[in-house]
There are 2 protein chains.
Amino acid sequence: MLSKASEYAIRALVYITIKNRDAVRPGYREISREIEAPEQFTAKILQTCVRNKLLQSVRGRGGGFFFDPESKPLTLIEIINTIEGMSLFTRCGIGLSKCSDTAPCPIHKEYAVIRDQYQQLTTNTTIDNLADKIISGEGVLNRMFN
Amino acid sequence: MLSKASEYAIRALVYITIKNRDAVRPGYREISREIEAPEQFTAKILQTCVRNKLLQSVRGRGGGFFFDPESKPLTLIEIINTIEGMSLFTRCGIGLSKCSDTAPCPIHKEYAVIRDQYQQLTTNTTIDNLADKIISGEGVLNRMFN
DNA sequence: GTATAAAAAGACAAAAAAGTCTTTAAATAA
DNA sequence: TTATTTAAAGACTTTTTTGTCTTTTTATAC
């Protein structure tokens, strides 16, 4: 299960993407309100994204967050890795420190299948994919858009 | 991802099962040592299991933990539910409070598939299944058994 | 230039999870 | 009966995660 920080990050970045498509650069107040996440905590998470070049920002009047239109699509796994690291995709299913294909825990194989599927999903899904679904009405972020 | 408490619980209960098959009722000191988990924390987790009737114990000299041989096989999901609840199997993939089939988050369907597979795995896997694998040498708990 | 509006930064606080310590209760062996 | 061994119980501590508050920096508008 993702940390709250990762969840907020994904929701925030989807929101930013949607607004950017209308040439708007939202600020963290608006973002946190719309994705229903704590304001300052959202700000801090977005700072982390900016520091790690997943996202850009401008300060001052009329500032806000935005994506470089030139940059390649951002995958969920990149965000997760930035916010909480990769342990979700590497950790043993029952917490053995030295579980591996050669010395597997008794649920290793079955767990690895599921864990790898999740890794595939987060690798193949981009923030743009999610934004598309919101805009097409296939999915919901929280509030409605207009 | 499971909490550490759930991981320790599963490992401890597998260990107890294996020892019980040799008519031995291990204590929490031995258990925690063998599964490489903190001693008192393991004791507390086992207490929770006993209180919730997943497991039995006897106090005093020669006491320890054991399973009622009459009781039906214990599944992983029962243990997880006892230790940390079911949120792992119900929570939205990006943390939306009101994500559902009718108002799905943009990754709802794909995430639900994986989450349900994990639920199936933990529902269909019993502590005995894991113990069997250890004994047959297909899997490893941590130290070797003899 | 000055006021204003925004993100950045960092210290701080609260909550949750993980882990420890000490005392009590219960069972057995002697 | 008494000593010993074991689990139970509960208070306590530490660490991690989550969240807040205050100040600083930077950009823009006037």
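The shown structure was predicted, so the numbers you read here are calculated from the model rather than taken from an experiment. Letters A, B, ... mirror the listed sequences (proteins, then strands); counts begin at 1.
- Going from atom CD of Glu30(B) over to atom P of dT5(D) covers 16 Å, rounded to whole Å.
- Side-chain contact between Ile79(A) and Ile127(A) is present, with heavy atoms from C-beta onward closer than 4.5 Å.
- With contacts defined as side-chain heavy-atom distances shorter than 4.5 Å, the pair Ile94(B)/Ser6(A) does not qualify.
- The phosphate of dT6(D) has neither OP1 nor OP2 within less than 4.0 Å of any side-chain N or O from Ser57(B).
- For the pair Tyr8(B) and dG19(C), the criterion of a side-chain N or O lying under 4.0 Å from OP1 or OP2 is met.
- Atoms CZ and OG, from Arg51(A) and Ser57(A) in turn, are 11.0 Å apart once rounded to the nearest 0.5 Å.
- Taking for each of Gly62(B) and Ala43(A) the nucleotide of DNA chain C with the nearest heavy atom, the 5'-most of the two is the partner of Ala43(A).
- Tyr118(A) and Phe89(A) have their aromatic ring centers within a separation under 6.0 angstrom.
- Of the options Ile80(B), Asn124(B), Ile77(B), a side-chain contact (heavy atoms from CB on, under 4.5 Å) to Gln119(B) is made by Ile77(B) and by none of the others.
- For the pair Gln56(B) CD and dT6(D) C1', the computed distance is 16 Å after rounding to whole Å.
- The nucleotide whose nearest atom lies closest to any side-chain atom of Arg59(B) is, among dA8(C), dA26(C), dC21(D), dA26(C).
- For Phe41(A), taking side-chain heavy atoms from C-beta onward, the closest of the listed nucleotides dG19(D), dA8(C), dT28(C) is dG19(D).
- Interatomic distance, CG of Asn20(A) versus CD of Gln56(A), reported as 10.0 Å (0.5 Å rounding).
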Using the 3.5 Å cut-off, write out each protein N or O paired with an N or O of nucleotides 14-17 of chain C and the distance between them.
none

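- For the helix from dG1(C)-dC30(D) to dA30(C)-dT1(D), the rotation axes defined at the first and last 5 base pairs enclose an angle of 10°, given to the nearest 10°.
- Interface remark: the Lys44(B) side chain does form a donor-acceptor pair with the dT20(C) base, using a distance-only criterion of under 3.5 Å.
- The residue among Glu39(A) and Val58(A) whose nearest nucleotide of DNA chain D lies closer to the 5′ end is Glu39(A).
- Taking 4.0 angstrom as the limit, Arg51(B) places a side-chain polar atom (N or O) nearer than this to OP1 or OP2 of dA9(D).
- Across Thr17(B), Val14(B), Ile18(B), a single residue satisfies side-chain contact (heavy atoms from CB on, under 4.5 Å) together with Leu130(B), and that is Val14(B).
- Per the geometry, CG belonging to Leu54(A) stands 17 Å off P belonging to dA7(C), to the nearest Å.
- Taking the side chain of Gln47(B) as heavy atoms from C-beta on, and the options dT28(C), dA8(D), dA7(C), the nearest nucleotide is dA8(D).
- Between Leu46(A) atom CG and dT20(D) atom P the separation is 15 Å, expressed in whole Å.
- Taking all atoms of both residues into account, the shortest heavy-atom contact from Ala12(B) to Ile31(B) is CB-CG2, 3.7 Å.
- Distance check, rounded to the nearest 0.5 Å: OG of Ser32(A) to CZ of Arg11(A) gives 11.0 Å.
- The residue among Gln40(A) and Gly60(A) whose nearest nucleotide of DNA chain D is located toward the 5' end is Gln40(A).
- Checked against the 6.0 Å centroid threshold, Tyr8(B) and Phe41(B) count as a close aromatic pair.
- The side chain of Pro38(A) lies closest to dG19(D), out of dA18(C), dA8(C), dG19(D).
- The distance between atom CD of Glu7(B) and atom P of dG19(C), rounded to the nearest whole Å, is 10 Å.
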